[in-house]
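Below is one structure, written out as structure tokens; the observations come after it.
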Amino acid sequence: METRLAKADDTLLDEAAEILKSGGIAAVPTETVYGLAANAYDVEAVRSVFRAKGRPQDNPLILHISSVDMLCDIAESVCPLALRLAENFWPGPLTMIFPRKKHVPAETCGGLDTAAVRMPKNGFTLKLIEKCGFPIAAPSANTSGKPSPTSAHHVFEDMNGKIPLIADGGACSFGVESTVICFENDERVRILRPGAVTPEMLREFCDTVIDSGVLGKLEPDAKVLSPGMKYKHYSPDAEVYILKGSTKAIEDHLKSKATGKTGYLGFGNEAIPADVVIFPYGRTSGEQAENLFASLRKADEAGCTTVYVRMPETSGIGLAVYNRLLRAAGFRIIDTESGESDAL
Ligand code: TXA
Ligand code: MG
């Protein structure tokens, strides 16, 4: 199959909607990462998404909507807190989990009796959902396990030959996937995956707990609230390690370990040995979120076999960066002060 890359503007809407209405799949931009879109109510289309990504069947997809009416068509019940959060954070990077109605295919939801729903902010994709009139199931448009795509070019690397269309909306503004939450009651939510809607932002509205799976390692057969958290994720081909410690200790570590095929994502204030290749990361958590996945992909392109990433702050969107990084690194953290290496 030939894969067409085309600018995500109004002239592409009809073509993209036609593909989805006829049971096909297409990659679309969102404000977080690119998604691999299909009609969430069409079981065959959803199966093609799982196939194109090589995604395990029990890892459910997010249903993307363009109106609260669409939410009511999916969710068996919507608590007042969910409505309040929707008012404040939609369209935007917040995914909420609801008990699902029977007509929502089990395949879309990985066999669970719940459905994850979000309203994306990207104008093209919102209009596309509206035009289609059905929710769009869209996992991140990467091959399962690889870093998520934050540009149309990344999608092309993973999906060329597998899908007919990639709608190019430019670089994604946040660069990490949406925050996923479930409701414990009408006053409390649990964060299953951190994102740009941060714990601090949610705490303005309700009690917010962070699930132990966010920073902890889960075994493949573990019973978890969010199946996606147990799989190897976001990993480039290179071996990734998180470096903890002062700027000086990190510089010394890089000096002693550089092999010429070593990459580094740092804050920009380190003196880096000449044979270490530097990739964009950034000083602020926002910049780090934007650059993390693209830089891990670049490290592979540059032929790096080892990539060190400086430990980010863990507050705000930094928690999302750290959550993705832990998985990319297989939970390997090197404390450059003590020389000790942890695999959590
Ligand atoms: O920002 C995003 O959320 C992007 C863009 C494309 O919207 N999508 C995305 O989808 O990241 P995906 O499939 O890569 O991640 C969906 C996550 C997985 O961790 C999955 O396990 C979880 O959401 N999830 C989906 N449905 C769920 C459910 N019913 N219960 C618990 N977790 C669920
Ligand atoms: Mg994903």
Q. With sequence neighbours left out, what residues match Ser22 under side-chain hydrogen bond (donor to acceptor under 3.5 Å, both in side chains)?
A.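 Ser22: no side-chain hydrogen bond (donor to acceptor under 3.5 Å, both in side chains) contacts found.
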
Q) Could Lys101 and Glu76 be called an ion pair, given the rule that one side-chain N must be under 4.0 Å from one carboxylate O? A)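 Looking at Glu76 together with Lys101, the answer is no, because their closest N to O distance does not fall below 4.0 Å.
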
Q) Is a salt bridge present between Asp237 and Lys146, judged by a nitrogen-to-oxygen distance below 4.0 Å? A)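 Counted as a salt bridge, because a side-chain N and a carboxylate O are separated by less than 4.0 Å.
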
Indicate yes or no: at least one non-hydrogen side-chain atom of [X] is less than 4.5 angstrom from one of [Y].
X: Val321; Y: Tyr281; value: yes
X: Phe89; Y: Met201; value: yes
X: Arg193; Y: Ser178; value: yes
X: Phe205; Y: Asn88; value: yes
X: Thr95; Y: Ile181; value: no
X: Thr179; Y: Leu192; value: no
X: Leu202; Y: Pro199; value: no

(Q) Ring centroids only, cut at 6.0 angstrom: are Phe279 and Tyr264 within range, meaning strictly under it? (A)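 No: the rings miss the under 6.0 Å criterion.
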
Q) Taking the six-membered ring where the residue is Trp, are the ring centres of His154 and Phe293 under 6.0 Å apart? A)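 Ring-ring flag for His154/Phe293: false, centres at least 6.0 Å apart.
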
Closest approach of [X] and [Y], non-hydrogen atoms and distance?
X: Arg55; Y: Pro139; result: NH1-CB, 3.6 Å
X: Ala141; Y: Gly35; result: CB-C, 3.7 Å
X: Arg100; Y: Cys109; result: CD-SG, 3.7 Å
X: Met96; Y: Ala82; result: CE-O, 3.5 Å
X: Ala17; Y: Leu128; result: N-CD1, 3.5 Å
X: Arg118; Y: Thr30; result: NH2-OG1, 3.1 Å

With rounding to the nearest 0.5 angstrom, report the [atom1] to [atom2] distance, [X] to [Y].
X: Cys132; Y: Ile129; atom1: SG; atom2: CD1; answer: 8.0 Å
X: Met311; Y: Ile333; atom1: CE; atom2: CD1; answer: 6.0 Å
X: Gln57; Y: Arg51; atom1: CD; atom2: CZ; answer: 9.0 Å

Would you list the atom pairs, donor with acceptor, under 3.5 Å between side chains in residues 42-50 and any protein atom, with sequence neighbours excluded?
| residue | atom | partner | partner atom | Å |
| --- | --- | --- | --- | --- |
| Asp42 | OD1 | Glu44 | N | 3.1 |
| Asp42 | OD1 | Ala45 | N | 3.1 |
| Glu44 | OE2 | Arg47 | NH1 | 2.8 |
| Arg47 | NH2 | Glu107 | OE2 | 3.0 |
| Ser48 | OG | Glu44 | O | 3.0 |
| Ser48 | OG | Ala45 | O | 3.3 |

Q: Would you check if there is a donor-acceptor pair between the side chains of Tyr34 and Asn122 at a distance under 3.5 Å?
A: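 Short answer, no.
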
Q | Side-chain H-bond candidate by donor/acceptor type, Ser140 with Glu177, under 3.5 Å | A |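 Distance-only check fails for Ser140 and Glu177.
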
With sequence neighbours excluded, residues passing salt bridge (charged side-chain N to carboxylate O under 4.0 Å, His left out) with [X]:
X: Arg283; result: none
X: Lys248; result: Asp252
X: Arg310; result: Glu270
X: Asp69; result: none

Q: Establish, for the pair Arg332 and Tyr241, whether the NZ or CZ atom is under 6.0 angstrom from the six-membered ring centre and no further than 45 degrees off its axis.
A: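 Yes; both conditions hold, so Arg332 lies above the ring face of Tyr241.
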
Q. Between the main-chain N or O of Thr259 and the side-chain N or O of Thr262, is there a donor-acceptor pair closer than 3.5 Å?
A.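 Yes: the side chain of Thr262 pairs with the backbone of Thr259.
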
Q: Show your working on side-chain hydrogen bond (donor to acceptor under 3.5 Å, both in side chains) between Lys53 and Asn142 and close with a plain yes or no.
A: CA-CA 6 Å; Lys53 272 185 70 82; Asn142 52 300; 3.3 Å; yes

